[in-house]
Amino acid sequence: MSRYNFRENEAKWQSAWNERRSFEAHADPARPKYYVLEMFPYPSGKLHVGHVRNYTMGDLVARYRRAQGYNVLHPMGWDAFGLPAENAAIAGNVHPAIWTSENIATMRVQLQRMGCTYDWTREIATCHPEYYRHEQKMFLDFLAAGLAYRRESWVNWDPAENTVLANEQVIDGRGWRSGAIVEKRLLAQWFLRITAFNEELLDALKTLDRWPERVRLMQENWIGRSEGARVQFPIGGSAEAVDVFTTRPDTLYGASFLALSPHHRLAQSLAKDDPALAEFIAECDRLGTSEAAIEAAEKRGYRTAIEAIHPLDASRRVPVYVANFVLMEYGTGAIFGCPAHDQRDLDFARKYGLAVIPVVLPPGEDPARFAIGDTAYVEDGVAFNSDFLDGLSVAEAKRAVGERLEKLQRGERTVAYRLRDWGVSRQRYWGCPIPVIHCPDCGIVPVPEDDLPVELPQDVTFDQPGNPLDRHPTWKHVACPYCNSPSTRETDTFDTFFESSWYFLRFCSARAPVAFDRAAAEYWMPVDQYIGGVEHAVLHLLYSRFFTRALQRCGYIDLAEPFAGLFTQGMVLHQTYQNSAEEWLFPKEVGADSDGQLTDAAGRAVTISRLEKMSKSKKNVVDLDDIVDTYGADTARLYLLSDSPPERDLEWTESGIDGSWRYVNRLWRMVSEPAAELPPAGSAMPRDLAPALIALRRLTHKTIATVTDDLDKFRFNRAVARIRELTNALDDIPAAEPGAGAVLREGIEAVTRLIGPMMPHLAEEMWQTLGHAEAIADAPWPVPDPELARDDQVTVAVQVNGKLRGTIELPRDAAAAEAEEAALALPQVARLLDGKAPKKIVVVPNRIVSVVA
RNA sequence: GCGGACGUGGCGAAAUGGUAUACGCAGCAGACUUAAAAUCUGCUUCCCGACAGGGAGUGCGGGUUCAAGUCCCGCCGUCCGCACCA
């Protein structure tokens with residue numbers, strides 16, 4: 001019994017593909033292109049099996065489309081800037097550049113061992129000046145176009161990483177990476193004006209019909225468009241006014257208070273003369289976003305000394321609060337509260353004893369009696385207690401108030417978005433330098449294009465906290481390029497989402513002297529199939545969509561949407577172990593005591609915890625090299641594709657990978673020790689075959705058809721199941737029948753070609769063993785014989801009163817009468833009918849005969 | 001709280017409204033073997049039954065239909081995303 005020698009074969013075929021340069025892509029306008037891209041990895045060290053699910057799927061798509069005749073671009077690169085490199089530098093006294101390039105070298109070999117069809121001539125690493133110089137130029141272009149700007153803003157300060165986090169990167173008040181509690185600080189920051197494309201980014205989601213609905217919805221919610229009005233409330237006894245944004249201008253007459261964000265200009269200025277308010281604001285800052293999550297229900301306000309005048313009724317005044325739940329970054333940083341028709345406002349009003357004035361009457365209620373209890377009324381109704389609005393519906397009242405406010409110049413109808421501009425400044429070393437210079441005379445000036453790139457200095461130390469660029473002895477000191485005054489460079493670097501926002505364009509012409517060759521980009525773009533984790537559903541994908549538009553506006557390319565098709569794959573989960581101290585343990589750290597109870601080295605009880613995403617911190621990673629050494633790349637690829645639907649999470653199990661390994665060997669035996677003697681490759685199929693052999697041929701062609709369909713629809717697990725079914729059937733071939741060898745060859749060849757995108761090395765070896773000179777990587781995708789792919793004989797179910805009572809065999813597309821007759825002839829059916837005529841018979845051709853007794 | 005997804009054997013999971021549990025994992029029994037591994041064969045939703053067969057069955061309760069895992073209404077549960085968004 002021969003075992004499949006994956007070690008020899010995988011190396012052999014990988015070098016054969018290399019020598020033939022099989023996977024180098026060349027733009028060719030005469031051929032249809034297909035750009036398949038997996039989200040490029042951060043070179044964190046070593047790959048584990050969880051990382052490669054994504055690449056296995058991408059490679060399957062690339063090989064499948066290639067076989068279908070597309071000119072495929074399938075590149076790979078490295079998202080090489082980022083904080084872990086600096087952390088490693090601090091922890092291990094190794095330079096980030098060295099740490100990164102060593103990781104890249106390791107991971108490149110790992111990926112190559114997986115046998116993926118990457119065009120390595122296009123490999124990029126974003127930390128190379130030849131890459132990042134182009135984004136420095138882009139930034140200068142954005143600056144000139146008004147798409148980049150600098151302003152002071154409240155930022156989330158991560159004290160562990162010494163860096164600023166975007167709001168999106170703060171999770172439960174903690175840094176999304178470090179987990180440190182985030183503080184608030186005021187800092188001058190560079191921003192990209194993503195909000196200039198609010199409407200477009202939202203509207204174009206509708207056109208992304210090959211994106212998962214879920215991702216589109218998440219982006220829609222993230223952009224968060226809401227229609228409403230800006231309303232001006234004058235402040236009593238002063239010339240000032242507070243601008244408020246509301247989505248419910250129709251409830252303006254129900255206003256009973258104003259609430260300002262603690263960071264609102266007015267709140268800040270009031271605090272100067274009000275120590276208690278200053279303390280309240282400080283408290284809000286201290287709580288930050290962290291405890292707010294814990295005390296989600298705790299809405300607190302501070303009543304200031306001032307009052308606001310109702311914009312439509314100068315005789316009414318409402319108190320002005322500073323409240324911990326009003327966001328400075330959304331709307332105008334101030335709201336009016338209408339407790340009767342907003343639950344949060346109602347809670348606030350009850351807490352501070354404020355008036356609750358209902359102004360929307362629910363259908364069928366008596367205006368004289370209607371009162372609000374514990375629940376605000378937020379549905380549609382008819383305006384009342386509202387002067388000129390009385391009798392109008394909510395929608396009508398919104399419009400009427402808007403018109404009145406506009407006429408009085410006390411406000412206007414407007415649209416607010418939740419989306420905020422993208423802060424791109426990071427106080428870090430290992431990132432792309434922001435190409436500006438701070439001149440004492442000229443102010444902030446761009447670095448002249450001829451001076452690009454601004455390269456990171458290599459000679460830095462990590463022996464002190466903070467940004468090494470800041471304390472570098474010479475790097476930041478330059479003469480102003482415009483007036484020659486002694487000046488300093490910007491020491492902030494870009495958010496690493498900057499690099500990943502255009503790398504897919506760079507791949508189109510990875511060695512071009514410009515960011516990307518326009519003709520190449522216009523040939524290859526957009527990406528036809530992008531594949532990555534759903535964790536990037538909002539940030540990376542939204543930034544890339546914005547960036548592409550920004551480049552379009554700056555004349556780089558005529559393209560708005562970079563990714564025509566998107567697939568988000570599930571995570572790979574693995575069992576975890578935790579001891580009684582809730583520390584994660586490696587499997588090898590777990591033993592058992594004499595009672596069979598699992599324990600750790602210190603004798604603490606160990607429990608098998610829930611399945612978790614593979615991660616170093618949970619100590620449940622399965623090393624890719626171990627798996628490839630033990631089972632080979634094809635086995636790993638098969639398992640990653642076969643066990644769960646691709647969009648769902650996959651549980652990694654030892655027995656599962658074992659099962660895939662068994663199947664690899666079974667396939668190999670099928671060609672190395674065929675069940676019937678195979679005629680030479682290319683032999684004609686004999687004419688007269690036994691029915692069992694014809695059935696086998698039918699199954700072969702049907703499998704080609706269904707697998708093709710499954711691959712088109714990303715149903716890889718189903719495709720594997722179909723191929724296994726065919727394998728099972730081929731194993732049972734009646735080998736003694738005349739023509740069995742020819743039928744077996746046809747079946748085996750189909751299997752070999754169908755597994756080509758999944759297990760490429762094995763497929764090549766099988767194909768060669770079957771006597772083919774051509775590589776399967778260059779062979780076309782099989783096409784089923786349509787006549788054979790359809791059954792000529794079908795099994796039709798027979799139901800009586802909705803219950804299955806038997807089956808009948810009929811020729812395909814048999815007449816309804818014939819089916820009916822055969823069904824009624826079944827003894828079971830006759831018995832149940834008991835001689836009576838059926839009330840009704842429903843015949844669905846080729847499927848079912850349903851008899852109603 | 002809002003939005004979304006999901007709920008099927010011991011487990012991962014299949015199933016254009018038409019034979020529920022394909023394919024695989026695990027388990028059990030057997031063959032081969034000195035033995036083990038590997039491989040092969042058979043069984044494996046539950047209940048009754050020796051078999052034949054019968055009954056129940058896709059989280060729960062209703063409904064539409066000749067026919068519902070699938071469609072509709074109402075619950076329950078799990079997971080994910082967002083969250084003082086005015």
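Letters A, B, ... are given to chains in the order of the sequence lines, protein chains preceding strands, and every chain is numbered from 1. As a basis for the values below, the full set of heavy atoms in this structure was taken, side chains included, without hydrogen atoms, waters or symmetry mates. Values in this document were obtained by computation on a predicted structure and should not be read as measured data.
- Rounding to whole angstrom units, CG of residue A/Leu804 and P of B/rU19 are separated by 8 Å.
- Counting non-hydrogen atoms under 4.0 angstrom, A/Gln799 reaches a base of the nucleic acid.
- Using a 4.0 Å heavy-atom cutoff across all strands shown, A/Asn717 reaches sugar-phosphate atoms only and no base atom.
- The CG-P distance, from A/Asp342 to B/rC84, rounds to 14 Å in whole Å.
- Annotation: cation-pi geometry not satisfied between A/Arg303 and A/Tyr352 (NZ/CZ under 6.0 angstrom from ring centroid, within 45° of ring axis).
- Residue A/Arg418 places at least one side-chain N or O under 4.0 Å from the OP1 or OP2 atom of B/rA83.
- Residue contacts for A/Lys839: at a heavy-atom cut-off of 4.0 Å it reaches no nucleic acid atom on any strand shown.
- Distances shorter than 4.0 Å separate some side-chain N or O of A/Lys803 from OP1 or OP2 on B/rA56.
- A/Arg225 comes within 4.0 angstrom of nothing in the nucleic acid, heavy atoms only.
- Spacing between atom CZ of A/Arg724 and atom P of B/rG12 amounts to 18 Å, rounded to whole angstrom units.
- Side-chain contact annotation: A/Tyr663 with A/Ser642, donor-acceptor N/O pair under 3.5 Å absent.
- Going from atom CZ of A/Phe257 over to atom C1' of B/rA86 covers 9 Å, rounded to whole Å.
- Atom-to-atom, CZ of A/Arg722 to C1' of B/rG24 comes out at 12 Å; the value is rounded to the nearest Å.
- Side chains of A/Asp643 and A/Asn717: no donor on one and acceptor on the other come within 3.5 Å.
- Across all strands, A/Val244 comes closer than 4.0 Å to no nucleic acid atom at all (heavy-atom distances).
- In this structure, A/Asn728 reaches the B/rG24 phosphate: one of its side-chain N or O atoms is under 4.0 Å from OP1 or OP2.
- Base engagement by A/Arg847 is indicated by at least one non-hydrogen atom pair under 4.0 Å involving a base atom.
- In this model, the phosphate group of B/rA15 is approached by a side-chain N or O of A/Arg718 to a distance below 4.0 Å at OP1 or OP2.
- Here the shortest heavy-atom pairing between A/Ser256 and A/Leu354 reads OG-CB, 4.4 Å.
- With its glycosidic angle more than 90° from 0, B/rG69 adopts the anti conformation.
- Between the CG atom of A/Asp732 and the P atom of B/rC40 there is a distance of 11 Å, given to the nearest Å.
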| query | salt bridge (Lys or Arg N to Asp or Glu O under 4.0 Å) between A/Asp709 and A/Arg715: does it pass, once the steps are laid out? | reply | CA-CA 8 Å; A/Asp709 188 47; A/Arg715 296 193 293 210; 3.6 Å; yes
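- Residue A/Pro339 comes nearest to A/Leu346 through the heavy atom pair O-CB, 3.2 Å, listed as atom of the first residue, atom of the second, then distance.
- The residue A/Leu327 sits close to a base: some heavy atom pair falls under 4.0 Å.
- Nucleotide B/rC23 holds its C1' atom 15 Å from the CG atom of A/Leu641, rounded to whole Å.
- By the 4.5 Å heavy-atom criterion applied to side chains, A/Gln232 and A/Pro311 are not counted as neighbours.
- Taking every heavy atom of residues 650-663 of chain A and every atom of RNA chain B, pairs under 4.0 Å involve A/Ser655, A/Gly659, A/Arg662, by number.
- Using a 30° and 60° split on the angle between ring planes, A/Tyr543 and A/Trp422 fall in the parallel class, below 30°.
- Inter-residue side-chain proximity for A/Val622 and A/Val572 is flagged as unmet; no heavy-atom pair is nearer than 4.5 Å.
- Taking 4.5 Å as the limit, some side-chain heavy atom of A/Thr653 sits within range of a side-chain heavy atom of A/Tyr639.
- If A/Ser850 and A/Arg666 are placed on RNA chain B by their nearest nucleotide, the residue sitting closer to the 5' end is A/Arg666.
- A/Val852 comes within 4.0 angstrom of the backbone, heavy atoms only, and of no base.
- Rounded to whole angstrom, the span from the OH atom of A/Tyr417 across to the P atom of B/rA86 amounts to 14 Å.
- Heavy-atom distances under 4.0 Å link RNA chain B to A/Gln828 of residues 814-828 of chain A, given in residue order.
- Judged by distance alone, the side chain of A/Asn620 and the main-chain N or O of A/Thr576 form no donor-acceptor pair under 3.5 Å.
- Of the side-chain N and O atoms in A/Arg648, one or more sit less than 4.0 angstrom from OP1 or OP2 of B/rA14.
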